[in-house]
Amino acid sequence: MRRAGNIAALCAALVATACIAAAATPRKAAPGPAFSSKTIALPEDRAALPSSAGNDLVTENCTGCHSVEMITTQPPLDAKIWAAEIAKMRSVYHAPVDAADDQRLVAALVALQTAPAKGR
């Protein structure tokens with residue numbers, strides 16, 4: 001039994017020595033991908049909403065996520081569908097659209113369907 005204890009103590013000492021030696025040995029970093037900075041030039045967004053009442057609401061509430069071109073090229077939708085879209089943006093996507101602005105926002109979106117955007 002004493003011999004088994006000696007073997008266990010010897011094994012523990014060898015493991016401890018190996019751990020200390022491994023910790024003291026400096027390691028080379030594994031080769032990895034080389035990163036470098038790149039720049040890209042994005043096209044300038046020249047589209048702008050026409051100046052009219054309510055478009056400030058569209059700018060404030062919609063252009064944070066949607067481009068002006070996307071807003072102005074939607075298929076013709078009636079006020080009821082626009083209201084449902086606004087409600088969906090608020091409930092599903094958590095858009096910070098104040099419900100008190102819904103009627104004016106719907107009216108502005110309906111009006112945009114017939115007004116061409118600048119810069120197209």
Side-chain angles (χ1 to χ4, degrees):
M1 185 79 169
R2 184 174 174 163
R3 183 176 173 156
N6 289 341
I7 292 175
L10 179 62
C11 288
L14 289 173
V15 169
T17 304
C19 289
I20 292 170
T25 305
R27 294 184 181 180
K28 290 184 178 180
F35 295 104
S36 63
S37 295
K38 299 287 183 189
T39 59
I40 59 170
L42 297 174
E44 187 176 327
D45 186 10
R46 297 177 187 235
L49 293 173
S51 297
S52 64
N55 284 349
D56 58 331
L57 279 175
V58 175
T59 299
E60 292 169 10
N61 291 293
C62 304
T63 59
C65 297
H66 306 290
S67 70
V68 170
E69 286 181 336
M70 181 185 178
I71 296 167
T72 58
T73 58
Q74 292 301 303
L77 304 174
D78 63 22
K80 185 177 179 181
I81 295 174
W82 276 120
E85 287 298 311
I86 293 167
K88 177 179 74 176
M89 294 300 147
R90 184 184 302 112
S91 63
V92 175
Y93 300 106
H94 306 287
V97 179
D98 187 355
D101 293 332
D102 280 7
Q103 288 182 339
R104 290 189 321 139
L105 191 54
V106 167
L109 289 166
V110 169
L112 277 173
Q113 296 176 137
T114 57
K118 293 179 189 173
R120 280 208 226 158

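Below, each value reflects all heavy atoms present in this structure, side chains not excepted, and no hydrogens, waters or symmetry copies.
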Distance-only donor-acceptor pairs under 3.5 Å for side chains of residues 75-89, two or more places apart:
residue: Asp78; atom: OD1; partner: Lys80; partner atom: N; Å: 3.2
residue: Asp78; atom: OD1; partner: Ile81; partner atom: N; Å: 2.9
residue: Trp82; atom: NE1; partner: Gln113; partner atom: OE1; Å: 3.2
residue: Glu85; atom: OE1; partner: Lys88; partner atom: NZ; Å: 3.2

Ile71 vs Leu109, side-chain contact (heavy atoms from CB on, under 4.5 Å): CA-CA, chis, key distance, verdict: CA-CA 8 Å; Ile71 296 167; Leu109 289 166; 3.9 Å; yes
Please identify each residue that fulfils side-chain contact (heavy atoms from CB on, under 4.5 Å) with Asn55, with sequence neighbours left out. Leu49, Pro50, Ser52, Val58, Ala108, Leu112
Can you tell me how far CG of Asn61 sits from CG of Asp98, rounded to the nearest 0.5 angstrom? 8.0 Å
The complete set of side chain to side chain donor-acceptor pair (under 3.5 Å) pairs with one or both residues in residues 99-112, sequence neighbours excluded, reads Arg90-Asp102
